[in-house]
There are 2 protein chains.
Amino acid sequence: MNSTRKLIRHERLQHILHDNPFMTDEQLAKTLKVSVQTIRLDRVALGIPELRERTRDMAEGAQSKLRAIDKKDIVGELIDLELNKVGISTLKITPDMVLEKTGVARGHYMFAMADTLALAVVDAQKALTGVGNVKYKVPVYAGANLVAKAEVTRRRNDKYFICVKIKNNNEEVFRAKFIIVSLDDERKQEE
Amino acid sequence: MNSTRKLIRHERLQHILHDNPFMTDEQLAKTLKVSVQTIRLDRVALGIPELRERTRDMAEGAQSKLRAIDKKDIVGELIDLELNKVGISTLKITPDMVLEKTGVARGHYMFAMADTLALAVVDAQKALTGVGNVKYKVPVYAGANLVAKAEVTRRRNDKYFICVKIKNNNEEVFRAKFIIVSLDDERKQEE
DNA sequence: TCAGATATTATGAGCTGGTACTAAAAGCAG
DNA sequence: CTGCTTTTAGTACCAGCTCATAATATCTGA
């Protein structure tokens, strides 16, 4: 068939635009060694908009992405909090949080979720994680809705001992113990 | 002075474009009730580029942000690796990685850096973190250039014991021990 | 081998959202 | 009124397209 060349070109075109979306038809024509008109026909066939539209789409998407990052900084959604006692947060595992090779959620998301929650339950203006002790019990996959529960188990001066358990569908998938150091007062922290 | 009107318009213009960067000169002219030419002169005076350039700038910024996330997924840059022995990676702490309240780097960046590196040194197609044991020794602030070194200390069947130390300017700021479980085996899942 | 389909290239008009430049009109201050 | 700034208007030009129309190249099956 003649159209194999066309199909290959279509794939290459998509690939090139994926890597570098800021290419004009003219540049594409040169790199693919065809005429500009062919590129245009290809774009129409593949439903790829023109450079300006692509650029605009990206710019518009940018804003929501930036907000998504901000939210990622919270690492989970706080749904209940009793200062110095307990806290509960949730986090949905999305496909971009998993390891490509295994499909399993990257461990540091659970760690970050637990760490953030642990810091939140401490009633202190400034607090730092001192020591952590974590155990991954069950692998978590994309789509999981994790629920974390943190409990302050002990408190000694400026040190808070906190136990965090993360569950997915009532199954405990992760467990951590933290020692959080409060820096609230005039007193300095030591390691 | 006559130019007060101009100054007010300039401020409004910047404000409008801040809220909605996707406005053409024509739309701006209408909302500010002046001619298109006035808008152009204002843009030149204020050093504001044309719509297309603004859009492109945002899109490019978006791309680098997205790449930043991708890179965040790597969490550090691998600079040396001897499989099943040692690995070294670096990570620069940027202002967006620190807690607002304290200016101290969020703990899970160090954890993620260490965890990622630990997984990397394990010579296995698929590996998972089983247990982690971390200690934050010194707070880290924005601008720090962290260097992590991971060493496989022991190996028992499918379990790897790994010690990771993170230094900032030769000062040890973080230390972690992981047990990584390899899922490589032929008996387990395949696809 | 040759007609007909498919693929590619060429050509030209028109569009958007501008830049760059020139010039004229409007507004106001002394 | 004379000068000054400010604003508006108009023209030529550009990139990067769309849309339509037509010509050429290439292949394919009967």
Side-chain angles (χ1 to χ4, degrees), chain A residues 1-69, chain B residues 1-71:
Chain A
M1 263 250 186
N2 188 13
S3 60
T4 40
R5 258 172 43 198
K6 190 163 154 182
L7 289 173
I8 291 169
R9 198 181 54 235
H10 281 192
E11 290 218 2
R12 283 192 64 195
L13 184 63
Q14 289 179 308
H15 194 256
I16 290 170
L17 282 179
H18 177 82
D19 287 353
N20 181 3
F22 300 108
M23 283 184 81
T24 64
D25 288 355
E26 209 161 339
Q27 294 174 309
L28 290 167
K30 248 175 216 165
T31 55
L32 288 177
K33 313 234 186 250
V34 288
S35 71
V36 176
Q37 285 73 12
T38 305
I39 295 293
R40 315 254 223 236
L41 285 172
D42 287 353
R43 274 200 301 102
V44 169
L46 294 169
I48 299 172
E50 62 165 296
L51 167 63
R52 286 159 183 164
E53 210 167 318
R54 293 197 300 271
T55 314
R56 211 188 51 218
D57 291 349
M58 292 185 60
E60 278 169 357
Q63 289 176 320
S64 56
K65 291 277 183 197
L66 291 181
R67 274 171 207 146
I69 297 170
Chain B
M1 266 255 194
N2 189 10
S3 62
T4 40
R5 258 173 41 200
K6 191 164 153 180
L7 288 174
I8 291 169
R9 199 182 54 236
H10 280 193
E11 290 218 3
R12 282 193 64 196
L13 183 63
Q14 288 180 308
H15 193 256
I16 291 169
L17 281 179
H18 178 81
D19 288 353
N20 182 4
F22 300 107
M23 284 183 80
T24 64
D25 288 356
E26 210 161 338
Q27 294 174 308
L28 290 167
K30 246 174 218 166
T31 54
L32 289 177
K33 310 226 187 263
V34 288
S35 72
V36 176
Q37 284 73 11
T38 304
I39 295 292
R40 315 254 223 235
L41 285 173
D42 287 354
R43 274 200 302 101
V44 169
L46 294 169
I48 299 172
E50 63 165 294
L51 166 64
R52 285 159 184 166
E53 210 167 319
R54 294 196 300 270
T55 314
R56 212 189 49 219
D57 290 349
M58 292 184 63
E60 276 170 358
Q63 244 200 349
S64 59
K65 292 277 183 196
L66 292 181
R67 295 238 168 92
I69 298 169
D70 289 347
K71 275 187 188 155

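Chain identifiers are assigned alphabetically (A, B, ...) following the order of the sequence lines, protein sequences preceding nucleic acid strands; residue numbering begins at 1 within each chain.
- The separation between A:Arg5 atom CZ and D:dC27 atom C1' is 10 Å, rounded to whole Å.
- Distance check, rounded to the nearest 0.5 Å: CG of B:Leu51 to CD of B:Gln27 gives 8.5 Å.
- The two atoms that bring B:Ile16 and B:Met23 nearest to each other are CG2-SD, 3.6 Å, heavy atoms only.
- For B:Glu50, whose side chain is taken as the heavy atoms from C-beta onward, the closest listed nucleotide among D:dC17, C:dC28, C:dT19 is C:dT19.
- Contacts of residues 31-43 of chain B with DNA chain C (heavy atom under 4.0 Å): B:Arg40, B:Arg43.
- Following rounding to the nearest Å, B:Phe22 (CZ) and C:dG18 (C1') show an atom-to-atom distance of 17 Å.
- Heavy-atom neighbours of B:Glu11 CD from other residues, nucleotides or ligands within 6.0 Å: at or below the threshold of 12.
- Taking 4.0 angstrom as the limit, B:Arg52 places none of its side-chain polar atoms (N or O) nearer than this to OP1 or OP2 of C:dT19.
- Atom P of nucleotide D:dC17 and atom CD1 of A:Ile48 are separated by 12 Å, given to the nearest angstrom.
- Smallest separation of non-hydrogen atoms from B:Pro21 and B:Arg54: O-NE, 3.2 Å.
- Across the protein-nucleic acid pair, B:Arg9 atom CZ and D:dT5 atom C1' stand 12 Å apart, rounded to whole Å.
- Rounded to whole angstrom, the span from the CG atom of B:Asp25 across to the P atom of C:dA20 amounts to 13 Å.
- Looking at heavy-atom distances under 4.0 Å, B:Arg54 makes no contact with the nucleic acid at all.
- With rounding to whole Å, A:Arg56 atom CZ is found 13 Å from C:dG18 atom P.
- Here B:Lys33 contributes atom NZ and B:Thr38 contributes atom OG1; the two are 14.5 Å apart, rounded to the nearest 0.5 Å.
- Comparing the end axes of the helix from C:dT1-D:dA30 to C:dG30-D:dC1, each fitted to five base pairs by superposing C1' atoms of four pairs onto the next four, gives an inter-axis angle of 10° (nearest 10 degrees).
- Residue B:His10 comes nearest to B:Ala45 through the heavy atom pair CE1-CB, 4.0 Å, listed as atom of the first residue, atom of the second, then distance.
- Straight-line distance from the CD atom of A:Glu26 to the P atom of D:dC17: 9 Å, rounded to whole Å.
- A search for side-chain contact (heavy atoms from CB on, under 4.5 Å) contacts involving A:Arg56 returns A:Glu53, A:Glu60, B:Phe22, B:Thr55, not counting sequence neighbours.
- One can place CD of B:Glu53 at 13 Å from C1' of D:dA15, the figure rounded to the nearest angstrom.
- Contact record, A:Arg43 with A:Pro49: NH1-C, 3.4 Å, taken as the closest heavy-atom pair.
- Residues A:Glu26 and A:Val36 share a closest heavy-atom pair of CA-CG2, 4.1 Å.
- Nearest to the side-chain atoms of B:Lys6 among the listed nucleotides C:dT8, D:dC17, D:dT6 stands D:dT6.
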